[in-house]
Amino acid sequence: MSQISHLNSPLFINFNGEILPANSRLVSAGNRAFRYGDGLFESMRMMKGQLKFPDLHADRLQRGMKALKIDGYSQMDSWFLKEKTDDLARRNKAKHARFRLMVFRDAEGLYTPTQNKNGWCLELQPLDEPRYFLNERGLLMDIYPDLKKPTGYLSNIKSCNSLLYIMAGIYKAQNKLDDVFLLNHDGFLCEAGSSNVFVSYQNHLYTPALSEGCVEGVMRRVIIELARKNNILVTEAQINPDILYEADEVFLTNATRGIQTVMGFGVRRYFNQMSKLLIEELNKL
């Protein structure tokens, strides 16, 4: 099924509490998100008019703003997220949608900002699906060899600095891949181009620990809890990428798509039984 609805185009965005046409030109040359990537963002999913996992998104966003020393994080709670997404969905006549909330430091200055006040922009993209669906064809993937992701607390934040993912995306397109695996600076498995990674090996589910530099995905957290509730052993670990040659199943997770199965890595082909079970449980939430 198509992920994006072509029947409706988003007509409005919310910029700092002001409803504006989606094609409005808002960013000045001095905007710190534009100039330095000084900010972070949340990707969220709405189904049947309900924002999924607002408490988890708010928790991650607030901790990220606090870590980046952006003021006003206490107001970005789950009530704020639900109110703003509900309002924007209603104005755009969308029941199923993907939202992107960008929060940036609204200040002047060079690298050193003059203040730490926040600014924000909420965008909406209408979707067709009222639930999560597994991809009909599994993804073909390879390791992105050119750049490694550093570890540290900045690596866990969905920041506006996305050069690594852009370069990985160019490599993916040039090599006709569906996605790529990213390694950290020590050469261990970190994440995929826009998702967290789960590897099933001998009835045990593994995912890179946050200390390995992966983004602290909301769906990653949901899937870990779901797996444990279904008596699946889960370990957050340091993972040698060689396990991809031996794994029984590999899948990716993010807040927009839920779970995406990986079909192949090199000549290795994978099953998808565990991902089928987990996406059924996910759709019950």
Item to complete: Please list, chain by chain and in numerical order, all residues satisfying side-chain contact (heavy atoms from CB on, under 4.5 Å) with E83, sequence neighbours excluded.
Response: W79
Fill in: Validation row: R32, P113 side chains within 4.5 angstrom (heavy atoms)
yes
Worksheet item: salt bridge (Lys or Arg N to Asp or Glu O under 4.0 Å) between D59 and R221: does it pass, once the steps are laid out?
Response: CA-CA 12 Å; D59 175 64; R221 187 168 163 183; 3.2 Å; yes
Discussion item. Cation-pi check for Y270 against R268: NZ or CZ below 6.0 Å from the six-membered ring centre and within 45 degrees of the axis, yes or no?
Written reply: no
Practice prompt. For S195 and Q260, run side chain to side chain donor-acceptor pair (under 3.5 Å): C-alpha distance rounded to whole Å, both residues' side-chain angles, the deciding distance at 0.1 Å, then the answer.
Written response: CA-CA 9 Å; S195 309; Q260 297 284 283; over 6 Å; no
Fill in: Parallel, tilted or perpendicular: rings of F198 and F251 (30°, 60°)
parallel
Discussion item. Given 3.5 Å as the limit, does a donor-acceptor pair link the side chain of S24 with the main chain of L20, or not?
Written reply: no
Response to the item:
On a heavy-atom basis, the closest approach of H57 and V218 is ND1-CG2, 3.6 Å
Discussion item. For F80 together with W120, are the ring centres under 6.0 Å from each other?
Written reply: yes
Worksheet item: Within the distance-only criterion (no hydrogens, no angle test), does the side chain of D248 pair as donor or acceptor with the backbone N or O of Q202 below 3.5 angstrom?
Response: yes
Response to the item:
Nearest heavy-atom approach of N135 to T261 is OD1-N, 2.8 Å
Worksheet entry | Pairs satisfying salt bridge (charged side-chain N to carboxylate O under 4.0 Å, His left out), at least one member in residues 187-211, at least two apart | K149-E191
Item to complete: Indicate the atoms forming the closest heavy-atom contact of A89 with M46, along with that distance.
Response: CB-SD, 3.7 Å
